[in-house]
> 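Have a look at this one.
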Amino acid sequence: MRLDKLLSNMGYGSRKEVKILLKSKAVEVNGVFAKDVSMHVDSTADQIIVFGEKVIYTEFIYLMMNKPPGVISATEDKYDQTVIDLLDPLAQHFKPFPVGRLDKDTEGLLILTNNGHLSHQLLSPKKHVPKLYFAVIEGKVTEDDVKKFKEGVTLEDGYFTKPGELTILLSGEVSEIELTIMEGKFHQVKRMFESVGKKVTYLKRMSMGSLRLDETLELGDYRHLTEEELEALQKKE
């Protein structure tokens with residue numbers, strides 16, 4: 001790969017700006033200051049240094065975010081803040097997108113990547129990737145609801161859901177539950193509870209496939225997936 005293309009892909013500016021970096025002796029390749037932007041480098045074998053820091057080339061980016069309420073799961077929007085707006089400029093440079101979506105008022109685990117293949121694998125209904133949610137429910141959740149969810153429920157538009165695993169954590173006028181579902185229809189968790197006469201007042205996604213939300217992440221914070229987390233996700237393919 002050409003040196004200017006590699007550095008541009010890694011967020012060091014346009015090819016014209018990379019040329020300026022070379023003129024200012026900010027770029028070293030294998031211990032020698034680079035002079036030619038068109039020189040070809042091996043991203044895995046050559047050591048490339050910019051401003052004294054080693055460049056580790058990567059094509060894809062994989063992020064875990066604790067999505068806050070009030071932010072939409074989209075790459076851009078005219079009116080609302082998006083999850084992409086919460087990323088630093090370097091992360092934005094890789095043009096990641098959310099894997100699936102969380103409703104505007106829903107919190108929790110959101111994966112962002114620029115790897116379309118992985119996104120497809122995680123979202124494909126054929127892959128049966130489980131998604132675990134914690135919710136606060138207005139109304140008393142009962143064992144009868146557990147049974148109905150296990151069999152599947154009919155939503156207001158006539159769609160019959162796949163079975164969901166409902167666990168009651170607290171049952172009362174206000175209930176707390178965990179729900180695992182294998183699909184991700186629009187507002188699905190909320191609509192499932194509406195089908196049994198109850199209302200979701202708080203919703204948080206806790207896990208998706210093998211990936212569980214890092215509870216040390218504050219709302220709106222994010223981090224790169226570890227190699228172990230990424231490998232576990234990719235095994236689902």
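Worth knowing before you read on, the calculation uses all heavy atoms, side chains too, and leaves out hydrogens, waters and symmetry mates. Treat the numbers as computed from the prediction; the structure is a model and nothing was measured.
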> If Ile, Leu, Val, Met, Phe, Trp and Tyr residues are connected whenever their side-chain heavy atoms lie under 4.5 Å apart, and connections chain through other members, are Leu219 and Leu86 in the same group?
no
> Is it true that the side chains of Gln188 and Tyr133 contain a donor and an acceptor less than 3.5 Å apart?
no
> Only pairs under 3.5 Å count here: list side-chain donor-acceptor contacts from residues 24-34, not counting sequence neighbours, and write none if there are none.
from, atom 1, to, atom 2, distance (Å)
Ser24, OG, Ile20, O, 3.3
Ser24, OG, Leu21, O, 2.8
Asn30, OD1, Gln47, N, 2.8
Asn30, ND2, Asp46, OD1, 3.0

> Indicate yes or no: at least one non-hydrogen side-chain atom of Glu138 is less than 4.5 angstrom from one of Lys198.
no
> So if you build clusters from Ile, Leu, Val, Met, Phe, Trp, Tyr with side-chain heavy-atom gaps below 4.5 Å, do Leu166 and Met182 land together?
no
> To the closest 0.5 Å, what do you measure between CG (Leu211) and CG (Leu230)?
9.5 Å
> Under 4.0 Å between a Lys/Arg side-chain N and an Asp/Glu carboxylate O for Asp145 and Lys140?
no
> Tell me the closest heavy-atom pair linking Ala135 and Leu203, and the distance in Å.
CB-CD1, 3.8 Å
> In terms of hydrophobic clustering (I, L, V, M, F, W, Y; side-chain heavy atoms under 4.5 Å; direct or indirect links), are Val41 and Val55 co-clustered?
yes
> Mind checking whether Ile84 and Leu112 have side chains closer than 4.5 Å, heavy atoms only?
yes
> In Å and rounded to the nearest 0.5 Å, what is the NE2 to CE distance from His187 to Met192?
15.0 Å
> Same cluster or not: Leu87 versus Ile111, using hydrophobic residues (I, L, V, M, F, W, Y) connected whenever any side-chain heavy atoms lie under 4.5 Å apart?
no
> Starting at CZ of Phe193, measure out to OG1 of Thr201 and round the result to the nearest 0.5 Å.
10.5 Å
> Take Thr180 and Lys131 through the side-chain contact (heavy atoms from CB on, under 4.5 Å) test and state the conclusion after the steps.
CA-CA 5 Å; Thr180 300; Lys131 304 168 188 68; over 6 Å; no
> Applying salt bridge (charged side-chain N to carboxylate O under 4.0 Å, His left out), can you list everything that pairs with Asp214, at least two apart in sequence or on another chain?
Arg223
> May I have the step-by-step check of side-chain contact (heavy atoms from CB on, under 4.5 Å) for Ile181 and Thr161, ending in yes or no?
CA-CA 9 Å; Ile181 56 177; Thr161 69; over 6 Å; no
> I'd like to know whether Val99 forms a side-chain contact (heavy atoms from CB on, under 4.5 Å) with Ser119, so could you lay out the CA-CA distance, the side-chain angles of the two residues, the decisive distance to 0.1 Å, and finally the verdict.
CA-CA 6 Å; Val99 177; Ser119 176; 3.9 Å; yes
> Keeping Ser73 on the side-chain end and Leu102 on the backbone end, is there a donor-acceptor pair under 3.5 Å?
yes
> Would you indicate whether Glu156, at its atom CD, is surrounded by more than 12 heavy atoms from other residues, nucleotides or ligands within a distance under 6.0 Å?
yes
> Restricting to non-hydrogen atoms, name the atom on Ala232 and the atom on Ser210 that form the minimum distance, rounded to 0.1 Å.
CB-OG, 3.3 Å
> Closer than 3.5 angstrom, by distance alone: can the side chain of His93 be matched with the main-chain N or O of Ser8 as a donor-acceptor pair?
yes
> Just by distance, do the side chain of Glu17 and the backbone of Ser14 share a donor-acceptor pair under 3.5 Å?
yes
> Of all heavy-atom pairs between Pro98 and Ala74, which one has the smallest distance, and what is that distance?
CG-N, 4.0 Å
> Taking salt bridge (charged side-chain N to carboxylate O under 4.0 Å, His left out) as the test, write out the residues that go with Lys19, two or more places apart.
none
> Does any part of the side chain of Leu155, heavy atoms only, come nearer than 4.5 Å to the side chain of Phe160, both counted from C-beta?
no
> Check which hydrophobic residues are tied to Phe134 through side-chain heavy-atom contacts below 4.5 Å, counting indirect links as well, and list them.
Leu132, Val136, Leu169, Val174, Tyr202, Met206
> How many angstroms lie between atom CD1 of Ile177 and atom OG of Ser171, to the nearest 0.5 angstrom?
11.5 Å
> Which residue pairs satisfy the salt bridge (charged side-chain N to carboxylate O under 4.0 Å, His left out) criterion with at least one member in residues 199-213, sequence neighbours excluded?
Lys204-Glu215
> What closest approach, in Å, do Asp88 and Leu90 show between heavy atoms, and which atom pair accounts for it?
OD1-N, 2.9 Å
> Would you mind reporting whether Leu225 and Leu233 have side-chain heavy atoms less than 4.5 Å apart?
yes
> Without hydrogens or angle criteria, can the side chains of Ser38 and Asp36 be said to hold a donor-acceptor pair below 3.5 Å?
yes
> Checking Gln121 side chain against Gln234 main chain: does a donor-acceptor pair fall under 3.5 Å?
no
> Check whether more than 12 heavy atoms from other residues, nucleotides or ligands sit under 6.0 Å from atom CD of Glu165, and answer yes or no.
no
> With a 4.5 Å cut-off on side-chain heavy atoms, are Val200 and Ile137 touching?
yes
> Do Leu22 and Lys35 have side-chain heavy atoms sitting under 4.5 Å apart?
no
> Show, in sequence, the C-alpha distance, side-chain angles and deciding distance for Val189 and Leu179, and conclude whether the side-chain contact (heavy atoms from CB on, under 4.5 Å) test is met.
CA-CA 8 Å; Val189 176; Leu179 175 64; 4.1 Å; yes
> Working to the nearest 0.5 angstrom, can you tell me the gap between Ser195 OG and Lys148 NZ?
8.0 Å
> Just distance, no hydrogens or angles: give the donor-acceptor pairs under 3.5 Å from side chains in residues 58-70, sequence neighbours left out.
from, atom 1, to, atom 2, distance (Å)
Thr58, OG1, Phe60, O, 2.8
Tyr62, OH, Asn115, ND2, 2.8
Asn66, ND2, Leu217, O, 2.9
Lys67, NZ, Val71, O, 2.8
Lys67, NZ, Asp103, O, 3.2
Lys67, NZ, Lys104, O, 3.1
Lys67, NZ, Thr106, O, 2.8

> If we only count heavy atoms from C-beta on, is the Met1 to His40 side-chain gap below 4.5 Å?
no
> Quick check on side-chain contact (heavy atoms from CB on, under 4.5 Å): which of Leu6, Val50, Asp4 does Val18 satisfy it with?
Asp4
> Does any N or O in the side chain of Glu229 come within less than 3.5 Å of the main-chain N or O of Thr226, such that one atom is a donor and the other an acceptor?
yes
> Specify the closest pair of heavy atoms between Pro96 and Ala91, including all atoms of both residues, with the distance to one decimal.
CD-O, 3.2 Å
> Hydrophobic cluster membership, with links at side-chain heavy-atom distances under 4.5 Å among I/L/V/M/F/W/Y: are Val153 and Val141 in one?
yes
> Applying side-chain hydrogen bond (donor to acceptor under 3.5 Å, both in side chains), run through Thr142 and Asp144 and close with a yes or a no.
CA-CA 5 Å; Thr142 66; Asp144 185 51; 4.9 Å; no
